[in-house]
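Whatever order the structure lists them in is the order used to number ligands and atoms, beginning at 1. What you are looking at is a predicted structure, and each value in this text was computed from that prediction instead of being measured.
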Amino acid sequence: MKSKMTDIKTGYFGKFPPGTSLLPLLWLLICLSGCDQPPTEHAFTFKTMGTVASCKLMLPQDLKPGEVEDIVQGSFSDVNTALSTWLPDSEISRLSRAAADSAVAVSELMRTCLQKSQQLNTQSGGAFDPTAESLMRLWGFYRRQGRLPAQAALDSALADLGRWRLEDNPVRVIKEKQGTRFDLGGIAKGLAVDLAATRLREAGVHHGLIDLGGNLYCLGGAQGRDDWRVGIRNPLNRDELFATVTVSEASVATSGSYERFVMIDGRRYGHIMNPATGRPAEGLLSATVIASEGILADGLSTTLFVLGPEKAMVFLREYYSEVEAVLVYPGAEGAVDTVMATQRLRGRFSLLPGYEKQYQVIFAD
Ligand code: ADP
Ligand code: MG
């Protein structure tokens, strides 16, 4: 998105013979900049949804920084108010408390989220489960203090999973079991960036980056480019980026056990549950997904993390061949860790300098 100003300065100025009056050119420049002013960049950061949001947006001339901040904050707040497990009065918390065999009407935001969750749950054979709440609770994630559950407690939490269904006409959830409780933490942030991106586009913002705690939406491209170069966190040291991918009009989401964990007897347990075992998922260090929608990128990053290195790529090939992914997992004894990326990321994915020795990169066929 090069501005006309830049083109004229670099391409034209040097050709004028010495002594030529620059006044007409100056007028031309002023007129051009007045007629077609380049967007101005506005960057801002704020806390929301238990994490940090940062945005870098290119504003057209008629939009004020405060207006776009309100759009983004309003979008995140709408999703949080409806879907946060941490707010006792949110729609999702009320659904979690609903009695067995009750029918609960749901809002449009909640329907979108539950429908996608249900679809991912079915396709993944239960790896993604919006009712993993009972497991999260049991392992101590809500109290932020881990404890190793007894087998009987695990069995009882597992029996609470999935006893609900979404009905279409009228739109409502039928909860079959009182103990089935919801946690949309694996997908709601993706929905939130989608909502912000849609509202920003409607307001005339077509280039920018929205980052909600590692769930990104990339509108258009960076200044002078038609895409964004986005960093991926090093799962072995979350303060560093270890690789980049180029992305445009798409969302990028990463799930990793390094993001949130509890310590039990000196061991770290990550916050993504494997409903097949009732224990925190193991196998991958991180799963990054690039998809056209945030809700899909977020939901899929959690799903792939649970599925693990062997099943994740097979699952993508079967259901989401248009989606890109980068999986990081430990190497075999003595070998460096592995980064497996989908084939179409060739040329778009690269390790940052210094990480070639730490990771071997392979592209899935
Ligand atoms: P982050 O919250 O770091 O962005 P994820 O998108 O991977 O990471 O979501 C992890 C969250 O998803 C957990 O904190 C929990 O709220 C929820 N969750 C845990 N296990 C599952 C699961 N098997 N399926 C769906 N959601 C899950
Ligand atoms: Mg997720």
Worksheet item: Do any heavy atoms of A127 fall under 4.0 Å from ligand 1?
Response: yes

Worksheet item: With a 4.0 Å cut-off on heavy atoms, is F128 touching ligand 1?
Response: yes

I need the nearest protein heavy-atom contact for [atom]: residue, atom name and distance, please.
atom                    : answer
atom 7 (O) of ligand 1  : S255 OG, 2.5 Å
atom 21 (C) of ligand 1 : A132 CB, 3.9 Å
atom 27 (C) of ligand 1 : T302 CG2, 4.0 Å
atom 6 (O) of ligand 1  : D298 OD1, 2.9 Å
atom 23 (N) of ligand 1 : M273 O, 2.8 Å
atom 25 (C) of ligand 1 : D129 O, 3.3 Å

Any salt bridge linking [X] with [Y]? Criterion: basic side-chain nitrogen under 4.0 Å from a carboxylate oxygen.
X    : Y    : result
E91  : R94  : no
E167 : R165 : yes
R201 : E249 : yes
D265 : R267 : no
E324 : R344 : yes

Worksheet item: Which pair of non-hydrogen atoms, one from S286 and one from P235, has the smallest distance, and what is that distance?
Response: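 Closest heavy-atom pair between S286 and P235: OG-CG, 3.7 Å.
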
Fill in: No-hydrogen, no-angle side-chain donor-acceptor test under 3.5 Å, Q118 and N121
no

Just which atoms of ligand 1 are under 4.0 Å from any heavy atom in [X]?
X    : result
G186 : 6 (O), 9 (O), 11 (C), 12 (O), 17 (C)
K189 : 1 (P), 2 (O), 4 (O)
D183 : 15 (C), 16 (O)
P275 : 23 (N)

Discussion item. If you round to 10 degrees, what value do you get for the angle at the Mg ion (ligand 2) between T302 atom OG1 and D298 atom O?
Written reply: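 The two atoms subtend 90° at the Mg ion (ligand 2).
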
Practice prompt. Answer with yes or no whether the hydrophobic clustering places I71 together with L216; edges join I, L, V, M, F, W, Y residues whose side-chain heavy atoms lie under 4.5 Å apart.
Written response: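 Hydrophobic grouping puts I71 apart from L216.
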
Worksheet item: Between the Mg ion (ligand 2) and A297, is there an N, O or S atom separated by less than 2.8 Å?
Response: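 Under 2.8 Å: A297 has no N, O or S contact with the Mg ion (ligand 2).
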
Practice prompt. Run the numbers on Y217 and E293 for side-chain hydrogen bond (donor to acceptor under 3.5 Å, both in side chains), then give the verdict.
Written response: CA-CA 8 Å; Y217 196 95; E293 288 186 306; over 6 Å; no

Worksheet item: Given P130, G185, G256, which one has a non-hydrogen atom that is nearest to atom 11 (C) of ligand 1?
Response: G185

Worksheet item: Is R144 close enough and on-axis enough to W86, meaning under 6.0 Å and within 45°, for cation-pi?
Response: yes

Discussion item. Considering both backbone and side-chain atoms of H271, is one of its nitrogen or oxygen atoms within less than 3.5 Å of a nitrogen or oxygen in ligand 1?
Written reply: yes

